[in-house]
Amino acid sequence: MPLLEVRDLQVRFSTRGKTVYAVNGISFDLDPGDTLGIVGESGCGKSVSSLAMLGILPKPAGRVHGGQVVFDGEDLLTLPDERLRHIRGNDIAMVFQDPMTSLNPVLTVSRQLTEALRTHLDLGKKEAAAEAASLLDRVGIPDARQRLRDYPHQFSGGMRQRVGITMAIACRPKVLIADEPTTALDVTIQAQILELLRTLVREEGMALILVTHDLGVVAGICERTHVMYAGRFVETAPTGELFANPRHPYTVGLLKSVPRLDAARKQRLDPIGGAPRDQTSEPTACAFAPRCAYASTESWEQLPVLRELDGATGPAAHRVACWNPVPEQDLVAAGIRQAPTGRQTGDQPDEERQA
Amino acid sequence: MSIAEAEAAQLSVEQPSGLWSDAWRRVRRNPAAWVGAGLLLFFVICAVFAPLLAPYGPQETVGSLAAVPPGPTAEYPFGLDEQGRDVLSRVIYGARLSLLVGLVSVAIGLSLGLVLGAVSGYFGGRVDGVIMRFMDLMLSIPGFLLAIGLVTLLGRGLFQIMFAIGITTVPIFARLLRGSILAQREADYVLAARSVGTPGFRLLTVHILPNSIAPVIVQATLAMATAIIDVAGLSFLGLGPNDPSLPEWGKFLAENAARLQNSAHLVFFPGFAVVFSVLAFNLLGDALREAIDPKLRA
């Protein structure tokens with residue numbers, strides 16, 4: 001049995017008669033030690049999914065409409081608040097996007113770090129402070145003991161994010177959800193924070209769900225990647241396979257809109273035309289159809305579901321929710337994949353791109 | 001980790017300062033705050049040490065009954081009243097009452113307002129609707145009129161008066177805190193605290209309230225000024241404390257308004273005291289607002 005099993009999770013927001021269909025049925029499994037990436041553009045429902053899993057959607061507008069989030073044999077969505085509160089921070093924790101706003105400005109770092117420790121582990125003040133200091137040390141903050149007394153504004157952005165991570169891992173959770181943990185940081189700091197996450201996952205055996213819009217981030221850290229569009233997963237595959245052999249037109253569009261070192265010099269970036277889907281109605285057809293060059297009558301009329309490609313199953317499975325997956329020759333034309341007659345066959349994941 | 005170390009080294013040179021010490025620094029730089037604080041200190045000293053500072057007791061007769069009481073002299077700097085009592089002493093003792101009224105009535109209004117505002121802002125929904133409509137109802141009645149009504153209803157005891165004035169400030173505090181909490185409720189740090197399992201009550205008291213309270217503190221300072229004016233106003237209308245021995249600035253004004261032509265000192269000095277005590281709170285409140293309100297920060 002997987003550690004965390006998400007089945008057909010649906011989240012909706014309703015305000016004054018208007019309903020936003022934010023997440024429209026996503027499913028995935030997570031085993032201990034797994035690193036899973038969820039990629040998508042702003043508003044595709046990736047952050048909302050993580051908040052829903054923890055039961056901290058903004059109330060009263062946001063609510064889970066259906067599905068299950070089974071952790072350790074219990075469906076988190078039906079647990080009483082009090083029980084769920086004990087799981088939050090203790091078993092499943094979250095790192096937030098903006099370290100400038102996700103720490104309380106009027107409390108010392110110590111107060112915030114010991115919050116989880118004292119809530120869940122029943123530690124005394126001194127023990128909690130000692131533990132907090134060793135945790136800060138662990139995430140690479142020098143003079144940890146001294147800095148416990150400081151306020152968040154006395155830390156730089158990268159250091160604050162380390163504090164944010166410390167807060168999340170304080171009770172050694174089994175699942176860590178990182179929601180755009182590097183988006184608000186400089187590139188050099190991004191690399192440090194990702195390295196830290198990678199180390200923590202490896203050493204603590206935590207499972208990581210990394211939510212991001214940055215393909216480079218998932219490439220560096222995630223074993224498996226789910227591409228999300230309009231509240232649904234449109235493609236899911238092992239990360240290497242996804243980058244080497246993307247089949248959903250949206251995934252291909254994302255890859256084409258990222259600058260590449262190995263592209264011809266004059267090649268222009270090719271953004272995806274159109275705007276993200278207006279989520280105020282429930283999708284009944286392919287949500288990407290209006291922006292898609294491959295859309296057919298079916299795309300406009302029927303909702304595609306995730307289907308396995310090439311018969312691979314289990315952890316290696318590559319699934320696409322598309323009526324007209326991008327043909328191979330188009331991938332070659334877009335420079336995503338080498339021509340089959342080239343130095344290697346296209347089936348091999350492109351190692352350079354994973355690095 | 002060398003970059004991290006460099007960052008930390010650079011930062012530790014900076015003087016540690018929190019949100020409040022930052023505000024305190026801004027207040028100190030504001031000359032208006034110094035004037036306000038100085039005036040307030042002066043009134044507080046008058047109130048606390050009234051028996052030492054006042055040359056006579058508030059009820060002590062030092063002159064003779066006179067239809068036209070003598071004005072300021074070297075012996076009686078503020079003159080005497082028609083019963084031969086020293087006006088200076090009465091004004092000094094009056095500071096006790098005015099400050100007490102300001103403090104207690106604001107404390108009453110603040111405590112009720114904070115509870116209602118916090119509940120309203122934090123829980124939202126129907127609770128919020130009911131509380132806020134009730135506050136709107138209270139705000140639709142002019143504050144002073146409401147105070148007059150309440151005093152008429154409850155009687156003219158000192159506590160009843162303070163309570164009446166306090167009640168009129170409740171909707172102001174409640175609305176202010178509610179708005180402030182609404183702005184903080186969905187803040188990322190609140191979400192982060194929830195994500196580690198912080199219980200609801202702690203969330204409100206430890207995380208949300210300290211970040212929402214600043215505008216309420218400013219308002220409380222300004223409300224003290226209003227309370228002092230209100231109690232003077234009630235006294236002027238004959239709705240002041242029914243104990244005739246209590247030296248109340250507003251009552252001096254009311255009793256002596258008719259003597260303004262011949263004995264201006266009877267109105268001038270108590271009026272002066274009201275004006276300056278109100279000014280003290282207003283200057284201080286404005287300085288605090290400038291220091292705390294992010295919209296007024298340069």
Side-chain angles (χ1 to χ4, degrees), chain A residues 50-51 54-56 58-60 81-82 84-90 92-108 111-113 115-117 119-120 140-143 146-147 149-159 162 164 167-168 170-171 173 177 188-189 192, chain B residues 1-24 121-129 180 182-214 217 292 294:
Chain A
S50 20
L51 295 183
L54 279 176
I56 52 174
K59 276 173 188 168
D81 279 355
E82 196 50 28
L84 186 57
R85 195 171 67 66
H86 284 290
I87 289 179
R88 284 203 292 264
N90 203 14
I92 308 180
M94 188 158 171
V95 176
F96 290 85
Q97 172 171 355
D98 188 352
M100 294 298 169
T101 58
S102 59
L103 296 174
N104 189 336
V106 304
L107 297 183
T108 60
R111 283 283 296 274
Q112 298 184 63
L113 288 179
E115 181 107 52
L117 290 170
T119 307
H120 298 300
I141 292 184
D143 293 330
Q146 300 286 313
R147 307 232 58 193
R149 271 173 306 195
D150 287 352
Y151 287 88
H153 74 271
Q154 292 167 265
F155 290 81
S156 65
M159 284 292 156
R162 284 171 200 267
M167 219 171 126
C171 296
I177 304 175
T188 48
I189 309 295
Q192 293 176 11
Chain B
M1 217 59 12
S2 61
I3 295 176
E5 271 160 15
E7 273 176 9
Q10 197 185 351
L11 275 165
S12 57
V13 178
E14 269 177 42
Q15 208 182 14
S17 66
L19 191 77
W20 295 109
S21 56
D22 188 48
W24 173 230
Y122 184 69
F123 291 103
R126 194 159 296 180
V127 183
D128 178 37
S180 190
L182 283 184
Q184 298 293 328
R185 199 176 59 172
E186 308 294 344
D188 280 355
Y189 67 84
V190 177
L191 204 59
R194 286 177 72 194
S195 82
V196 298
T198 307
F201 186 70
R202 250 185 88 75
L203 215 55
L204 177 63
T205 52
V206 176
H207 291 274
I208 301 178
L209 267 185
N211 280 293
S212 323
I213 204 84
I217 293 173
I292 290 172

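Naming: A, B, ... by sequence-line order, numbering from 1 per chain. Just so it is clear, the values below take in all heavy atoms, side chains as well, and ignore hydrogens, waters and symmetry mates.
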## Note on the structure
With chain B, the option among A:T119, A:L103, A:I87 that has the most non-hydrogen atom pairs under 4.5 Å is A:L103

### Query
Which one of B:E186, B:H207, B:R202 has the most heavy-atom pairs closer than 4.5 Å to chain A?
B:H207

### Task
Go through A:S102, A:A168, A:G55, A:G89 and name the one with the most non-hydrogen pairs under 4.5 angstrom from chain B.
A:S102

### Heavy-atom check, side chain of A:Q154 versus side chain of A:M159, under 4.5 Å
no

### Query
Between A:N90, A:N104, A:V95, which shows the greatest number of heavy-atom pairs under 4.5 Å with chain B?
A:N104

### Task
Measure the shortest side-chain to side-chain distance between B:L191 and A:M94 over non-hydrogen atoms and say whether it is less than 4.5 angstrom.
no

### Query
Taking B:T198 for the side chain and B:A193 for the main chain, is one N or O donor matched with an acceptor at less than 3.5 Å?
yes

#### Entry: Which portion of A:R149 sits near chain B, non-hydrogen atoms under 4.5 angstrom
neither

### Close side-chain approach of A:F155 to A:P99, heavy-atom, < 4.5 Å
no

### Message
Using side-chain contact (heavy atoms from CB on, under 4.5 Å), reason through A:R162 and A:Q192 one step at a time and then give a plain yes or no.
### Response
CA-CA 10 Å; A:R162 284 171 200 267; A:Q192 293 176 11; 2.7 Å; yes

### Task
Show the numbers, then the answer: is there a side-chain contact (heavy atoms from CB on, under 4.5 Å) between B:L203 and B:Y122?
CA-CA 10 Å; B:L203 215 55; B:Y122 184 69; 3.7 Å; yes

### Task
Side chain from CB out, backbone as N, CA, C, O: work out which of these in A:L84 comes under 4.5 Å of a heavy atom of chain B, or both, or neither.
neither

### Query
What part of B:V190 gets closer than 4.5 Å to chain A, counting heavy atoms only: side chain, backbone, both or neither?
neither

